[in-house]
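Protein chains get the first letters and strands the later ones, always in sequence-line order, with residue 1 at the start of each.
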There are 2 protein chains.
Amino acid sequence: MRYHHGDLRRALLCAAEEVLEREGPAALSLRELARVIGVSHNAPYRHFADREALLAAVAADGFRRLATGLAAADAAAPPGERLQATGRAYLDFARTHRALYLLMFGPGLRKSAHAELRDAARAAFDVLRDVVASAGIPPGPRARHGAIGAWALVHGLAHLTADGQIAEDLGADGHAMLIADVLESYATGLCATAG
Amino acid sequence: MRYHHGDLRRALLCAAEEVLEREGPAALSLRELARVIGVSHNAPYRHFADREALLAAVAADGFRRLATGLAAADAAAPPGERLQATGRAYLDFARTHRALYLLMFGPGLRKSAHAELRDAARAAFDVLRDVVASAGIPPGPRARHGAIGAWALVHGLAHLTADGQIAEDLGADGHAMLIADVLESYATGLCATAG
DNA sequence: ACCTGAACACCGTTCAAGT
DNA sequence: ACCTGAACACCGTTCAAGT
């Protein structure tokens with residue numbers, strides 16, 4: 001006993017991600033987490049107000065890691081390919097953490113009710129905003145719309161893929177070409193309409 | 001008693017949509033539907049294999065209505081604005097049927113396991129594909145990617161909005177301008193890169 | 001502070017009957 | 001065929017205790 005030396009909170013978040021990737025977002029129950037860790041079924045309430053608060057903490061962590069990944073891809077990309085590289089990193093995250101991604105953008109997690117989650121999501125978006133801004137579009141509503149559009153585009157691709165609507169008939173190469181084509185179209189249009 | 005004259009199935013789907021818009025996708029339980037209609041808690045199993053099958057039927061109906069709405073907007077639009085008009089219709093659907101939209105694209109509804117749902121979703125996408133094809137892009141992988149990109153773009157905007165990530169600080173006018181800008185950028189880029 | 005067992009009101013799903 | 005009540009194994013959440 002006494003498996004957790006005061007870090008039950010960390011143990012819960014860790015177990016949550018494990019269960020999440022193994023069984024999907026819907027199967028994530030507080031009681032199962034408690035069972036996995038080896039504490040009583042209501043011990044989690046010492047650290048989280050309710051189930052949604054725990055899910056929000058997991059999702060916020062996901063957004064933080066997403067932001068880190070986007071920033072790294074952006075920093076490593078040659079100047080002309082920053083949007084492409086960052087978009088690819090976004091899609092990679094969604095593909096390699098499918099269940100986490102679905103949780104982060106799933107219903108039943110009201111961003112407005114969880115400040116930490118809202119801030120983490122905003123920080124991830126800010127990385128994309130900066131990348132788009134660096135494409136040479138003068139600041140203003142057009143630039144802001146351009147950044148939101150870029151986010152919507154990569155998010156739409158990632159979400160439709162995670163949802164199984166896209167790429168069932170595409171191979172891995174086909175999927176990469178799809179992403180390249182779509183991002184190129186958008187970047188081209190963005191620069192053209194911004195002039 | 002005998003509220004349903006052999007159309008318990010229809011009564012279930014009808015009640016499901018009502019509960020859905022009122023309480024969100026997560027709260028949709030078979031037992032509550034049975035209670036609302038006034039039958040025993042397991043009567044639904046006469047018409048649906050399980051909870052997911054009922055949700056799939058509701059979602060399939062949503063995709064059929066979405067396809068109808070997209071086709072109507074496309075048909076009513078002047079030649080040069082078909083993509084804009086269809087995209088707006090897509091976003092309108094997501095806004096006016098928020099919970100249904102979240103169900104249609106939510107996790108826990110495996111399209112592969114429900115042929116009716118998969119076909120309905122594909123039919124809705126086919127409308128978008130035709131609109132993009134009519135923009136004068138020669139058939140081929142580029143046109144197919146262009147159609148998927150258009151879907152991803154409007155879906156991303158709709159989903160981020162439904163998720164509360166966008167437009168909290170935008171008014172209704174600002175949202176309309178956002179949509180117009182983003183769709184214009186994409187359409188411009190699509191034609192430019194296809195040449 | 002942190003954890004426990006018991007309890008309450010819910011679920012989805014199954015099954016043996018009833019008409 | 002279609003519906004019923006009882007039952008099983010789960011949930012989230014609360015509460016009165018225990019250390």
Side-chain angles (χ1 to χ4, degrees), chain A residues 1-59 99 102-103 106-110 113-114 117, chain B residues 1-59 99 102-103 106-110 113-114 117:
Chain A
M1 235 359 94
R2 285 225 134 282
Y3 157 85
H4 44 84
H5 319 277
D7 57 357
L8 175 57
R9 188 193 149 89
R10 186 173 303 273
L12 281 166
L13 292 176
C14 186
E17 281 215 54
E18 187 189 326
V19 171
L20 190 64
E21 293 299 332
R22 186 153 36 88
E23 311 185 36
L28 223 170
S29 79
L30 290 183
R31 286 178 106 112
E32 181 178 7
L33 293 184
R35 217 157 33 224
V36 165
I37 295 175
V39 294
S40 77
H41 64 262
N42 56 3
Y45 287 89
R46 289 295 129 195
H47 301 273
F48 298 99
D50 52 22
R51 179 178 184 269
E52 189 177 330
L54 184 142
L55 295 182
V58 174
L102 288 174
L103 172 68
L109 216 52
R110 298 156 304 141
H114 303 275
L117 175 57
Chain B
M1 241 348 101
R2 286 227 131 283
Y3 158 85
H4 45 85
H5 319 278
D7 58 358
L8 175 57
R9 188 192 149 89
R10 185 172 304 271
L12 282 166
L13 292 177
C14 186
E17 282 215 54
E18 188 189 327
V19 172
L20 189 63
E21 293 299 332
R22 186 153 36 88
E23 311 185 36
L28 224 171
S29 80
L30 290 184
R31 285 179 108 112
E32 181 179 7
L33 293 184
R35 218 158 30 225
V36 165
I37 295 175
V39 294
S40 77
H41 65 262
N42 56 3
Y45 287 89
R46 289 296 127 195
H47 301 274
F48 298 99
D50 52 22
R51 179 178 183 270
E52 189 178 329
L54 184 141
L55 294 183
V58 174
L102 288 173
L103 173 69
L109 216 53
R110 299 157 304 144
H114 302 276
L117 175 57

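Looking only at distances, a side-chain donor or acceptor of Arg51(A) sits under 3.5 Å from a matching main-chain atom of Leu28(A).
Rounded to whole Å, the distance from CZ on Phe48(A) to P on dG12(D) is 14 Å. Between the CG atom of Leu54(B) and the C1' atom of dC11(C) there is a distance of 15 Å, rounded to whole Å.
Leu54(B) approaches Ala16(B) most closely through the heavy-atom pair CD2-CB, 4.1 Å. Between Ala99(A) and Gly24(A) the shortest heavy-atom distance is CB-CA, 4.4 Å. Minimum heavy-atom separation, Phe48(B) to Leu13(B): CZ-CD2, 3.9 Å. Contact detail for His114(B) and Arg110(B): the closest heavy-atom pair is CD2-O, 3.2 Å. Closest approach of Leu103(A) to Ala59(A), counting heavy atoms only: CD2-N, 4.3 Å.
Here Ser29(A) reaches the OP1 or OP2 of dC11(D): one of its side-chain N or O atoms lies under 4.0 Å away. Not one side-chain nitrogen or oxygen of Arg46(A) sits closer than 4.0 Å to the OP1 or OP2 atom of dT14(D). In this structure, His47(B) reaches the dC3(D) phosphate: one of its side-chain N or O atoms is under 4.0 Å from OP1 or OP2. Proximity of Arg31(A) to the phosphate of dC10(C): no side-chain N or O atom is located under 4.0 Å from OP1 or OP2.
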Margin query: Show me the dot-bracket string of DNA chain C, counting Watson-Crick or G-U pairs under 3.5 Å, with | for pairs to another strand and [ ] for crossing ones.
Written below: ||.|||||...|||||.||

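Between Leu109(A) and Glu52(A), the closest side-chain pair of non-hydrogen atoms falls below 4.5 Å.
With hydrogens and angles ignored, no donor-acceptor pair under 3.5 angstrom links the side chain of His41(A) to the base of dT4(C).
Within 4.0 Å (heavy atoms only), Arg51(B) reaches sugar-phosphate atoms of the nucleic acid but no base atom.
Which of dC11(D), dT4(C), dC3(D) sits closest to the side chain of Leu8(B) comes down to dC3(D). Closest to the side chain of Asn42(A), out of dT4(D), dT14(D), dT13(D), is dT14(D). In this structure, of dG12(C), dC3(C), dC11(D), it is dC3(C) that holds the atom nearest to the side chain of Ser40(A).
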